[in-house]
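Each chain gets a letter, A, B and so on, in the order the sequences are listed, and its residues count up from 1.
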Number of protein chains: 2
Amino acid sequence: MKGKATSFDIAHRAGVSQSTVSRALSNSPLVNQETRDRIKQIAQELNYKVDKNASNLRKQRSNTVALLLFEDPSTDDSQINPFFISMLGSITKACSAANYDLLVSFQNLADDWHAEYEDTHKADGLILLGYGDYLDYEAKINQLQEQETHFVRWGAADPKYPGISVGSNNFQGGYMVTEHLISQGRTRFAFVGEAGTHAPEFLARFQGFTHALSQADLMDQFVGQFDAIFTVEAGLEAALELFAEGERPDAIVCASDLIALGVIQAMRQEGLRCPEDIAVTGFDNIPIAGFVEPALTTVQQDTKAAGITLVEHLLKHINNENTSDTLIPASLIIRDSSKPLTQD
Amino acid sequence: MKGKATSFDIAHRAGVSQSTVSRALSNSPLVNQETRDRIKQIAQELNYKVDKNASNLRKQRSNTVALLLFEDPSTDDSQINPFFISMLGSITKACSAANYDLLVSFQNLADDWHAEYEDTHKADGLILLGYGDYLDYEAKINQLQEQETHFVRWGAADPKYPGISVGSNNFQGGYMVTEHLISQGRTRFAFVGEAGTHAPEFLARFQGFTHALSQADLMDQFVGQFDAIFTVEAGLEAALELFAEGERPDAIVCASDLIALGVIQAMRQEGLRCPEDIAVTGFDNIPIAGFVEPALTTVQQDTKAAGITLVEHLLKHINNENTSDTLIPASLIIRDSSKPLTQD
DNA sequence: AAATTGGATTATGCCGATATAATGCATAAA
DNA sequence: TTTATGCATTATATCGGCATAATCCAATTT
């Protein structure tokens, strides 16, 4: 036979109508068990696969979701945030478990979003994933809602747009790691990482941090907060600035692992030991966190739960059900960089 | 108006036939410039987007490629090889530059490949990306070729299947970094990384390594090759084994950056300094390679060229043109871990 | 014997675009 | 005036499934 087999070819061989073939292959109880088996058998022999374009066109459903990944414009091509990779993995798995395919698209923040996947019926919905507040955030969300696009976003809940967000509990993570450092005997804290409204994740971590400090009555010894985006370089520079200012902390809480690595690097340059002189903690638990010197104490986001939840919520939206904003708890990974102060 | 607009709606408003709308929107010279502009205008007002399912069905083309990512079964979920991430990024970009969408699917090596994207017409071709020889490699390749699936694979050229491979020049990379170490005055070499047929990339690196050694007449001082898969842990263990065996090298060439980090970790445990006692080099130039202590000398694969070439070759296959196997040159990134031997 | 019921199957329309063939119409050539 | 030539547009068939309504037929009921 020429070309790929169609359901007509199978119908012909099986001596039934094409309709019956379609029904049989979708396991419809409307068709007799025997005929069903016979048809499936023939379909397999011909290596028949339903044409998704035809099927989707008729069903007006693609069983596909599109993942839009927003890159931080401040970093170059090769530097993809390791955290997103982990999310990508878990989202892919959650999709395939739900029998959905996944389209992936890296979005350049500067450009207009390339979010036509649902308009063109290539996907049934979108997952928006990025750090910080992607450019023109509100305008875009409004537009998506106006067009009745189905979507969920990764990030802190936004009271203006309820029911579309899933995010890590960054506040709790920042609180938890700070509390841990306090219990280790640290008292003079600094925070490295941007804490503005355009980096809401980092801001929440910072707020958890200060909350822990106030609870322990340590705010009067707070050394300060130093801006750094999420790269190693930024952490290094921020730390150098911190050391230049004079007042030396005995613990530095960083908004990400990469920043923490930069801070440790800066300490080395300044002849400071970690954790003996200053404890340092990160956030994300990237793959190498446990293998740097010293092994990094950090906060792990539950990317598996995150991916599953995002997909689950999106599928509910697609079925016109509502979901409520979800905060996924983070967990503390204790390693060497936060060892207790020793009296020496 | 209800629902999404179709080309009929536009035809109606523009007072032309639906055929003309279709032509106008695809910029066919068959339709008058004025009418074309008018139709486009109306289409924009109605926020009309062509239905890809209908379009693809008719055209028998999806303008989509599927990326199958094969994970190493020896690592857990969270550990995705950083090199692949970089490739994923460049492939995505190359696709969007060519106006193709990208479906991403993580394949579990143990299972049957889930490679029906072309059979179902969801994609026009496949890109296979994984380290080592994915399980049942030949059987699967045969099957794909039999079904006339369009595909390219990442990896060394295989004489049995010409024209489907694109890979880094691992031999040249291994040779280059070894030559560099020799020029720095190192003479007693060891290699850490698997060098068997089921890890062809690593094997090629090892072969480049030994080639450089023989050229410099240093093979009689070769300490040995020690197996390690691509994780930090594996590198650490292999190095400990190496040190236990007695004969100490003054340079260790590693098959990947993660392995190199493990080796450096092991040296630290043994009280050995890098690069003073032993120089260490990696492979891949992962994001943190420049920020560990000491900064890691490594070989960088040109992922950008790789992604572009893979996509380019696949698109040629889709258009029934042939391509020839391509080796992409790697480049040397010299940092501190390979500093020259000092006389002290 | 005629009418009813229900399970199994078939006939038909449609999803929304694109490509090919056909038509209309103005202008140029015979 | 008639035929021919092009350009612009329209009519129609088609891509390959799925869903609804229609039909067929055997087993019951009346």
Touch class at under 4.0 angstrom, heavy-atom based, for A:Q60 against every strand present: sugar-phosphate
Nucleic acid contacts - residues 23-36 of chain A versus DNA chain C, non-hydrogen atoms under 4.0 Å: A:R23, A:L30, A:V31, A:N32, A:T35
Residues that A:K40 engages under salt bridge (Lys or Arg N to Asp or Glu O under 4.0 Å), provided they are two or more places apart: none
Interatomic distance where NZ belongs to A:K49 and P belongs to D:dC18 [whole Å]: 15 Å
Interatomic distance, A:K4 NZ vs D:dG17 P [rounded to whole Å]: 13 Å
Polar side chain donor-acceptor pair, A:Q33 to A:D37, under 3.5 angstrom: yes
Check: A:Q18 main-chain N/O paired with A:S22 side-chain donor or acceptor under 3.5 Å: no
Interatomic distance, B:Q18 CD vs C:dA19 C1' [rounded to whole Å]: 11 Å
Interface residues of residues 50-59 of chain A with DNA chain C (non-hydrogen, below 4.0 angstrom): A:L57, A:R58
Gap separating the CG atom of A:L25 from the CZ atom of A:R36, nearest 0.5 angstrom: 10.5 Å
Gap between atoms CG and C1', on A:L46 and D:dG17 respectively (whole Å): 17 Å
Residue pair B:L102 / B:C95: nearest heavy atoms and the distance that separates them: CD1-SG, 3.9 Å
Gap separating the CD atom of A:E118 from the NE2 atom of A:H121, nearest 0.5 angstrom: 7.5 Å
For A:D101, salt bridge (Lys or Arg N to Asp or Glu O under 4.0 Å) partners two or more places apart: B:K122
Results of side chain to side chain donor-acceptor pair (under 3.5 Å) for B:N99 - residues two or more places apart only: none
B:T323 and B:E321: CA distance, side-chain angles, deciding distance, side chain to side chain donor-acceptor pair (under 3.5 Å) verdict: CA-CA 7 Å; B:T323 60; B:E321 297 170 44; over 6 Å; no
Sugar-phosphate only, base, or nothing, as touched by B:T6 at under 4.0 Å among non-hydrogen atoms: sugar-phosphate
Sugar-phosphate, base or nothing in reach of A:V21, heavy atoms under 4.0 Å: nothing
Listed nucleotide nearest any side-chain atom of B:S22, set D:dG17, C:dT10, C:dT18: C:dT18
Restricting both atoms to N or O, compile the protein contacts to nucleotides 23-25 of chain C shorter than 3.5 Å, with distance only.
none

N/O donor-acceptor pair under 3.5 Å between A:D325 side chain and A:G163 backbone: yes
Value rounded to 0.5 Å, distance of NZ in B:K4 from CG in B:D51: 11.5 Å
Atom-pair distance (CG on B:D119; P on D:dG16), nearest Å: 14 Å
Expected output: side-chain B:D124 to main-chain B:S62 donor-acceptor under 3.5 Å: yes
Sugar-phosphate only, base, or nothing, as touched by B:T20 at under 4.0 Å among non-hydrogen atoms: base
Integer-rounded Å distance: C:dT18 C1' and B:I10 CD1: 15 Å
Euclidean distance, atom NE2 of residue B:H121 to atom C1' of C:dT18 [Å, nearest integer]: 16 Å
Distance in angstrom units between A:F8 CZ and D:dC15 C1', rounded: 11 Å
